[in-house]
Structure formats: C-alpha cells, structure tokens
Amino acid sequence: MESSDLTFDVVPLKQIYGEEGKDPDKELQKLISEEHFDFIFLKQLYQYDDLLHNNKLAPIDQLVKDGSLWNQSVIKQLSRDGSIYGFSPTFYADALFINKSLFEQTGVPLPSEDSSMDWNQYFQTLNRFGPENAGMSTSSNAGLFALILGTLQGLTFYQNDNIVLATSEWEKVFDQVRQAFKDKAIRIEDSIDPMNGDLFEQGKVAFKFETSDYIRSLQEKQNQAARPFEWMVAPMPHQSDSSLSNVPFIHLNEIAAIPADTANKKQAEEFLSFIMGEKMTRVFQQQGELTTRNMESNNDKSVKFSYLRNMDFSSQTTKSYNEIMMSMPDQYYSTLLETVGTVMNELMESNTATMEGLQQIETAMLTAPN
C-alpha cells in the first residue's frame, strides 16, 4: 500500500528446522547464501551474532542515529563495536507483578512501583507471607526454581561443559529458596484452573515473575472475577552486589536486518524505515505490543511498563536459564534437572549444609553423559 512499485517474494525460515541430522544454524547460513535475500527477520539474538561473525549483515546506523526516538536497552542489545546491524520493532520485558490488595490485607508495606528492590529486600518481603497467603507460586520444584532465580541474578551454572554450583553466590540463592519453600512463602502451583487462572490471577499470592505478555491473561481473569483485586507492575529485583552483572530484563521479539550482499539496498532500507516508522509503531501498539520507537500509547501494557523508558539496563553478559539449557545436550540437561530436584528435596528435609548439597550435585554431574 505504501510502495506500489515493490513486490515481495517471501521465503519461510521454517525449512531450516526439523530435518534430523541437520544443524539449523548452518542451514540458515546456507539458505542466506543461496537465496540472496534483500531482507531477513531473525528470531534469536545468537543468529544475529552468527551472521555478523560471517559479515552477512549491512550496518543501519543512519536509520537509528536519533537516539531519543528509541528504547536504548533494545539499541544496546543490538549494538556491536559501535554499529548496529538490525532492529527489533517490538520487545517484551520481565517484570514483578504485585497483588496490591493482598499487601493491604496483610499489612506488609507495598514495594515501590517505579524502582526495583534488590534481591535481599525481595526475599525479606517474600518471607513475610505464608503459609496461608504465600509470597509467590511456581510450577517448578525448589531446585529448578533456584536455578532460574540464580540466572535472573546474573549467575551461570554451566561453564566449560561442567556444572558449577559450589560457590558462595549460588549457596546464597539455594539457601534463600530452601528456606522460602520450607516456610511456604513460595507455594507449588500443582495445576492451573482454566476458568480462574493461576494462583496470582486468583489473588492468592503476593508476587509473580512474568513477562509483559502476561497482562492480557491477567486482565481477562480479572474481568471475569467475582471479586477482582488491585495489582501493579514493578521492575524486577536488581543485584545489589556490583561485582555481579545486572541482567537485562528486556527481550527482543524479532530482529529485522538487511543482508550485506543485497542487490536492492535502497529499497531494503526504505522497507526497514517503514517498519521503524510511526505508522507501523501505531499498528504494533494497537496490537498490545511494547515498541522500540518511543511513542506515547494508551494501551494498558505500554502504560504499565512506561518506567522502562528511563531505566538503565546493562548489556547482556550472562545467558538466561533457557539459553543455558539450550546449550546442553538433552540427556545431560535431563540428568541435571533430576539431580538438582532430588538434592534440593533432601536439603529441605534435613540439616545438611547447602554447600554440601551443591558439591553433591557437581560430583554427580561429573559422570553424567555430556
């Protein structure tokens, strides 16, 4: 509609997946070399880095030079050596959802809506709930929850093909989770009610870690609820120890990029400019998305997450829990989850030191198939 002189030949990337014995990353490189794309949408940041490593993408610095137009955390995640080679028009964010009504009922002081607690403050607040009104719920067992929580704090547990957990930082995380589960400040979410949702949506827990996309489900359940409760969104807790990296809690949905060998660079840049422009940003906002272009929006998600514009997020220096697990062989990953779950259960039922349990996990994983 905007450019009637342009026609599009769309090549799905799904063909690089699913065939046994083939590496999707190598298949992507091969497909790009064969098809000579003028434009490409990437789903993962590591694909972006792989293509840059092989000099496959063209810089787009001239399209993002006005820094005030863009969410700087997104721009920072895509910047490499002072240049940027791709653009994510929308993103999602991790956040702490808070049941304001439950805080008022229990008399626990309500956290700030505009600034984040550190992880110590979070656990101090969490432990003021339970067992009747839990601080939060999770579908994970205590061991898995500890792994996820540690990665949210900038820790990693997989280095040089080995599990590394017997450190003072991991000991603190496992200690905190161990105690919170024992005190029932964290409740296991055995099953989710299809009508009323999870325990947070039912108003029975104070906190929930979720992404910005959770808002839609929460609002639907609140609209149906006989007794809806007040809730708010706050930034994720931050790491108070400056020796550990702060984890960026903004994640890219899709990266639009221009291959370096395109024969139609001018048209590709025009197309990318259109995707980055005001008209498409309005469309994304109407769809309930958070947009990289800084434009006012009255969709509830944008209003709830307006604090993101002014927050200074660090560059990503550690991998997320999912990224770590994806880098492991499947059998090794399964063995780790089983071992961590078993050891954590034993810790909660005994007086064994947490560090001793972490050492036990490391020892067991030395002989696991990798």
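Please read these numbers as outputs of a predicted model, since none were measured by experiment.
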Peer 1: Is there a donor-acceptor pair under 3.5 Å between the side chain of Gln121 and the backbone N or O of Asp118?
Peer 2: yes

Peer 1: Is a donor on one side and an acceptor on the other found under 3.5 Å between the side chain of Gln285 and the backbone of Leu290?
Peer 2: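 Between the backbone of Leu290 and the side chain of Gln285 there is no qualifying donor-acceptor contact (under 3.5 Å).
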
Peer 1: Mind checking side-chain contact (heavy atoms from CB on, under 4.5 Å) for Asp213 and listing every partner two or more places apart, or none if nothing turns up?
Peer 2: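 Asp213 satisfies side-chain contact (heavy atoms from CB on, under 4.5 Å) with Tyr92, Thr211, Lys301 once adjacent residues are dropped.
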
Peer 1: Using only atom types and a distance under 3.5 Å, with no angle test, would you say the side chain of Glu362 pairs donor to acceptor with the backbone of Ala166?
Peer 2: yes

Peer 1: Is any side-chain heavy atom of Phe37 closer than 4.5 Å to a side-chain heavy atom of Asp261?
Peer 2: no

Peer 1: Excluding sequence neighbours, so at least two apart, what forms ring pair (Phe, Tyr, Trp, His ring centres under 6.0 Å) with Phe274?
Peer 2: none

Peer 1: I'd like to check the salt bridge (charged side-chain N to carboxylate O under 4.0 Å, His left out) partners of Asp175; sequence neighbours left out, ordered by chain and number.
Peer 2: none

Peer 1: Roughly how far, to the nearest 0.5 Å, is the CD atom of Glu169 from the CG atom of Leu155?
Peer 2: 6.5 Å

Peer 1: Which pairs count as ring-ring contact (aromatic ring centres under 6.0 Å, His included) when at least one residue sits in residues 345-370, sequence neighbours excluded?
Peer 2: none

Peer 1: Could you tell me which non-hydrogen atom of Leu63 sits nearest to which non-hydrogen atom of Glu269, and how far apart they are?
Peer 2: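 Heavy-atom minimum between the residues: CD1-O, 4.2 Å.
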
Peer 1: Would Thr292 and Thr90 count as a side chain to side chain contact (heavy atoms under 4.5 Å, CB included) here? Give the steps.
Peer 2: CA-CA 6 Å; Thr292 298; Thr90 65; 5.9 Å; no

Peer 1: Does any pair with a residue in residues 332-356 pass ring-ring contact (aromatic ring centres under 6.0 Å, His included), and if so which ones, sequence neighbours excluded?
Peer 2: Tyr158-Tyr332

Peer 1: Between NZ of Lys30 and CG of Asp23, what distance do you get to the nearest 0.5 Å?
Peer 2: 12.0 Å

Peer 1: Name all pairs fulfilling the salt bridge (Lys or Arg N to Asp or Glu O under 4.0 Å) condition that reach into residues 325-350, sequence neighbours left out, sorted by first residue then second.
Peer 2: none

Peer 1: Report whether Val64 and Met280 are members of the same hydrophobic cluster (ILVMFWY, side-chain heavy atoms less than 4.5 Å apart, transitive linking).
Peer 2: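 Val64 and Met280: separate clusters.
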
Peer 1: Using every non-hydrogen atom in the two residues, find where Thr291 and Phe91 come nearest and quote the distance to one decimal.
Peer 2: O-CE2, 3.3 Å

Peer 1: Search all heavy atoms of Ala180 against all heavy atoms of Phe123 and return the closest pair with its distance.
Peer 2: CB-CE2, 4.4 Å

Peer 1: Check for me whether the distance between the ring centres of Phe207 and Phe103 falls short of 6.0 Å.
Peer 2: yes

Peer 1: When rounded to the nearest 0.5 angstrom, what is the spacing between CZ in Arg178 and CG in Asn345?
Peer 2: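 Those atoms lie 11.5 Å apart.
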
Peer 1: Could you report the tightest heavy-atom contact between Ser88 and Leu252, atom names first, then the distance?
Peer 2: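 The answer is OG-CB, 3.6 Å.
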
Peer 1: Taking all atoms of both residues into account, what is the closest heavy-atom pair of Ala263 and Asp38, and its distance?
Peer 2: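 Heavy-atom minimum between the residues: N-OD1, 3.6 Å.
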
Peer 1: Does NZ belonging to Lys26 count more than 12 external heavy atoms closer than 6.0 Å?
Peer 2: no

Peer 1: Return yes if some donor-acceptor pair links the side-chain N/O of His238 with the main-chain N/O of Met117 below 3.5 Å, else return no.
Peer 2: yes

Peer 1: Using the side chain to side chain donor-acceptor pair (under 3.5 Å) criterion, which residues pair with Gln219? Sequence neighbours excluded.
Peer 2: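 In terms of side chain to side chain donor-acceptor pair (under 3.5 Å), with neighbours along the sequence ignored, Gln219 is linked to Asp300.
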
Peer 1: Excluding sequence neighbours, so at least two apart, what forms salt bridge (charged side-chain N to carboxylate O under 4.0 Å, His left out) with Lys279?
Peer 2: Glu2

Peer 1: For the pair Trp231 (side chain) and Phe200 (backbone), establish whether a donor and an acceptor sit closer than 3.5 Å, ignoring hydrogens and angles.
Peer 2: no

Peer 1: Taking salt bridge (Lys or Arg N to Asp or Glu O under 4.0 Å) as the cut-off, I'd like each qualifying pair that reaches into residues 200-210, sequence neighbours left out, listed once.
Peer 2: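 Every pair satisfying salt bridge (Lys or Arg N to Asp or Glu O under 4.0 Å) with a residue in residues 200-210: Asp198-Lys208.
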
Peer 1: What side chain to side chain donor-acceptor pair (under 3.5 Å) pairs are there with at least one residue in residues 44-61, not counting sequence neighbours?
Peer 2: Tyr17-Gln47, Asp25-Tyr46, Ser33-Lys56, Asp49-Arg80, Asp61-Ser83

Peer 1: For Thr262 and Asn264, work out which heavy atoms get closest and say how close.
Peer 2: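 So the minimum-distance heavy-atom pair works out to OG1-N, 2.9 Å.
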
Peer 1: Just to verify, what does Trp70 make a ring pair (Phe, Tyr, Trp, His ring centres under 6.0 Å) with, not counting sequence neighbours?
Peer 2: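 Testing Trp70 for ring pair (Phe, Tyr, Trp, His ring centres under 6.0 Å), a comparison that skips the adjacent residues, returns Phe87.
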
Peer 1: If we ignore hydrogens and angles and just use 3.5 Å, is the side chain of Glu230 paired with the main-chain N or O of Asn99 as donor and acceptor?
Peer 2: no

Peer 1: Do the side chain of Thr354 and the main chain of Phe174 share a donor and acceptor less than 3.5 angstrom apart?
Peer 2: no

Peer 1: Which of these passes ring-ring contact (aromatic ring centres under 6.0 Å, His included) with Phe209: Trp119, Phe97, Tyr214?
Peer 2: Trp119

Peer 1: Rounded to the nearest 0.5 Å, what separates atom CD1 in Ile215 from atom CD in Glu220?
Peer 2: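 Answer rounded to 0.5 Å: 12.0 Å.
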
Peer 1: Check salt bridge (charged side-chain N to carboxylate O under 4.0 Å, His left out) between Glu270 and all other residues, then give those that pass, not counting sequence neighbours.
Peer 2: Lys266

Peer 1: Quick check: does any side chain N or O of Gln77 sit under 3.5 Å from a backbone N or O of Ile250, one acting as donor and the other as acceptor?
Peer 2: yes

Peer 1: Does the ring center of Phe271 lie less than 6.0 Å from the ring center of Phe8?
Peer 2: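 Under 6.0 Å, so yes.
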
